[in-house]
Amino acid sequence: MAKQNVSEQFVDILVRAGVKRLYGVVGDSLNPVVDAIRRNSAIEWIQVRHEETAAFAAGAEAQITGTLAACAGSCGPGNLHLINGLYDAHRSMAPVLALASHIPSSEIGLGYFQETHPDLLFQECSHYNEMISNPQQMPRLLQTAIQHAIGRGGVSVVSMPGDIASQPAPEKSIEHALVTSRPTVRPGDDEIEKLCRMVDEAKRVTLFCGSGTAGAHAEVMEFAERVKAPVGHALRGKEWIQYDNPYDVGMSGLLGYGAAYEATHECDLLVLLGTDFPYNAFLPTDVKIVQVDVRPENLGRRSKLDLAVWGDVRETLRCLTPRVKAKTDRKFLDRMLKKHAEALEGVVKAYTRKVEKHIPIHPEYVASVLDELADEDAVFTVDTGMCNVWAARYLSPNGKRRVIGSFSHGSMANALPQAIGAQFVDRNRQVVSMSGDGGFTMLMGDFLTLVQYDLPVKVVLFNNSALSMVELEMLVAGLPSFGTTNKNPDFAAIARAAGAYGVRVEKPKQLEGALKDAFKQKGPALIDVVTDPNALSIPPRISAEMVTGFALSASKIVLDGGVGRMLQMARSNLRNVPRP
């Protein structure tokens with residue numbers, strides 16, 4: 001049997017760790033690894049058009065499967081392109097292993113062609129970032145990187161010079177069992193007892209949930225029922241907590257709706273469950289706050305805590321719920337449910353007026369029709385910007401659907417490459433990219449990746465020829481919009497020229513039929529929907545206290561618009577409120 005080289009050993013370890021594919025762009029320093037993949041039937045090389053796409057795709061795959069995914073870039077500019085997608089994966093706690101191939105080891109530090117220092121460049125967006133400078137480091141260094149990515153939830157980067165990758169692997173190298181899943185973390189008994197006392201002493205408890213409630217829906221509902229607590233959520237908590245939730249009071253933050261803001265401010269105990277919600281302006285300062293999080297570094301960095309609980313949300317609630325006294329007073333809960341329904345009734349009117357006749361098409365209408373027509377287990381990938389608004393307000397979670405976006409990193413152009421990663425996981429599952437024209441055109445070249453691999457991703461393009469979220473930011477800051485308009489082509493024609501299905505929609509009555517026809521296509525499809533760039537309205541009063549990013553204002557409501565089927569759920573929940 002021929003002796004392995006380092007690249008072959010590297011690939012074998014990835015396969016042992018459960019990696020099914022490696023996303024990237026080929027290049028000289030990376031060629032030994034790509035050739036090793038060519039000769040290994042257990043792993044697939046996915047050729048994308050831009051390395052940023054590779055990193056976003058790997059991050060999405062990791063979020064869908066919960067297992068390790070991988071990407072790679074050649075030396076210098078090649079691996080440097082990975083950085084934005086890796087930042088997103090790291091901040092989303094997606095376990096991703098990135099290979100940053102490097103210049104010849106003898107030339108490092110001498111200003112060689114394409115020289116960079118990946119061991120420095122990726123330091124901030126990784127848990128582990130080291131260079132293989134000697135074959136003897138394999139496989140221990142790679143195994144350590146894998147365990148960091150999986151165990152801590154995030155990115156590990158391994159840089160490897162091309163000449164090292166071609167060298168013979170060491171004989172009798174140490175290989176050990178790999179960590180491939182994370183444990184649950186149970187809080188200590190003292191913390192559980194303190195939390196139990198605080199809940200028992202509180203008259204009005206509110207739960208505010210983030211992505212850390214994944215897998216804990218039943219436990220959150222049981223606890224909410226026991227203490228009669230309204231349940232709000234952040235954007236990343238929406239898909240895990242909103243469905244089948246009779247205690248739902250909506251979402252807080254810039255994209256918020258309903259009564260979540262009131263519920264978090266009018267309680268006397270706010271319990272933050274698995275959320276690192278960054279917008280301090282929407283959190284109360286005059287109520288007791290408890291935070292439960294599996295990452296201890298998250299505890300207390302957004303608000304002053306009265307109790308910090310280090311633990312997995314599900315395990316924490318399993319310990320806590322049987323110990324707390326059942327509350328019988330529903331007055332606070334019922335009042336918040338009523339406020340929530342009333343708030344949704346008000347904003348829905350802004351979306352329903354003559355919407356089926358409005359030209360350009362209301363983007364709210366597009367999102368609501370998409371929500372109705374998409375499969376029950378569809379995966380939605382969502383561009384940053386106004387697509388975040390429409391996804392937050394119109395996509396209805398049900399416990400089967402997934403919604404993935406750059407919700408923590410806030411990058412443009414994430415939806416299409418994330419859809420690539422999601423679709424490779426399961427070609428039979430419907431994947432819909434909700435793309436803005438700004439984000440789509442930034443990485444439009446990788447629409448060709450859909451065609452090359454015949455991936456049946458459906459790109460719904462919200463085409464308003466503007467960077468609307470940036471226009472809103474400028475407007476709130478009292479600035480005239482500038483540099484925010486796009487001169488766009490007929491994107492459907494571009495899709496057809498590339499060999500995919502493409503249709504352009506300019507009238508509301510065309511929309512439903514166009515989406516249905518596109519969804520029937522076996523391969524990739526693009527639906528270019530011309531939408532109204534003036535779809536937002538700003539409330540008459542806006543606080544002068546401004547912050548950057550999505551938290552544009554300390555005002556609890558910044559955007560006005562509909563909320564789709566959420567109103568139906570709110571009405572249903574309200575019917576369950578006991579009448580005096």
Side-chain angles (χ1 to χ4, degrees), residues 184-213 216 219-234 236-237 240-241 247 249-253 256 259-333 335-336 545 547 551 554 556:
T184 56
V185 179
R186 181 195 181 281
D189 288 336
D190 287 347
E191 282 69 33
I192 292 293
E193 286 302 320
K194 289 175 185 177
L195 179 52
C196 182
R197 286 197 299 271
M198 291 180 71
V199 172
D200 286 344
E201 291 169 2
K203 293 182 179 180
R204 301 180 303 278
V205 179
T206 292
L207 311 182
F208 186 69
C209 303
S211 60
T213 57
E219 286 77 11
V220 173
M221 295 303 106
E222 183 182 2
F223 183 66
E225 166 57 31
R226 191 164 182 85
V227 300
K228 306 298 182 287
V231 179
H233 58 268
R236 290 191 65 199
W240 305 115
I241 214 68
Y247 317 100
V249 291
M251 190 170 83
S252 191
Y261 183 91
E262 287 83 354
T264 56
H265 283 71
E266 296 180 26
C267 61
D268 49 33
L269 177 63
L270 174 61
V271 182
L272 305 175
L273 295 174
T275 179
D276 191 30
F277 183 71
Y279 308 126
N280 307 37
F282 294 89
L283 292 173
T285 58
D286 56 352
V287 304
K288 289 184 178 180
I289 300 179
V290 171
Q291 185 177 359
V292 179
D293 206 290
V294 73
R295 279 188 161 182
E297 66 268 27
N298 290 353
L299 296 170
R301 69 177 179 179
R302 307 300 183 192
S303 58
K304 183 179 180 296
L305 299 182
D306 294 273
L307 180 63
V309 180
W310 181 11
D312 175 84
V313 170
R314 183 171 63 177
E315 292 304 312
T316 300
L317 292 182
R318 284 178 174 178
C319 294
L320 176 67
T321 301
R323 302 189 191 191
V324 298
K325 298 175 183 176
K327 298 185 187 296
T328 58
D329 187 348
R330 287 183 54 105
K331 291 179 182 177
F332 176 62
L333 170 61
R335 182 162 60 87
M336 291 300 111
E545 181 189 350
V547 289
K556 62 176 180 282

Tell me the closest heavy-atom pair linking [X] and [Y], and the distance in Å.
X      : Y      : result
Val205 : Lys327 : CG2-CE, 4.1 Å
Val231 : Ala224 : CG2-CB, 3.7 Å
Met251 : Ala260 : C-CB, 3.5 Å
Gly311 : Pro187 : CA-CG, 4.1 Å
Met198 : Leu269 : O-CD2, 3.6 Å
Ser252 : Phe282 : OG-CB, 3.8 Å

Under 3.5 Å, side chain of [X] to main-chain N/O of [Y], donor-acceptor pair present?
X      : Y      : answer
Thr321 : Arg318 : no
Gln291 : Gly300 : yes
Ser211 : Arg236 : no
Asp306 : Ile289 : yes
Glu222 : Leu317 : no
Lys228 : Leu333 : no

To the nearest 0.5 Å, tell me how far [X] [atom1] sits from [Y] [atom2].
X      : Y      : atom1 : atom2 : result
Cys319 : Asp312 : SG    : CG    : 10.0 Å
Glu191 : Thr316 : CD    : OG1   : 10.0 Å
Asn280 : Arg301 : CG    : CZ    : 11.0 Å
Lys288 : Cys267 : NZ    : SG    : 12.0 Å
Leu320 : Glu219 : CG    : CD    : 12.0 Å
Leu272 : Asn298 : CG    : CG    : 11.0 Å

_Residue pairs fulfilling salt bridge (charged side-chain N to carboxylate O under 4.0 Å, His left out) with at least one residue in residues 194-205, sequence neighbours excluded_ =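 Sorted pair list: Arg204-Asp268.
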*Counterpart residues, ring pair (Phe, Tyr, Trp, His ring centres under 6.0 Å), relative to Phe277 (two or more places apart)*: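 Applying ring pair (Phe, Tyr, Trp, His ring centres under 6.0 Å) to Phe277 gives Phe208, Tyr279.
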State, with a plain yes or no, whether a side-chain heavy atom of [X] is found less than 4.5 Å away from one of [Y].
X      : Y      : value
Met221 : Ile241 : yes
Phe332 : Glu266 : yes
Glu262 : Arg335 : no
Phe223 : Val199 : yes
Val313 : Val294 : no
Cys209 : Thr275 : no
Leu195 : Arg323 : no

*So does Asp276 pair up with Arg302, basic N to acidic O under 4.0 Å?*
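Between Arg302 and Asp276 there is a salt bridge, with a charged N closer than 4.0 Å to a carboxylate O.
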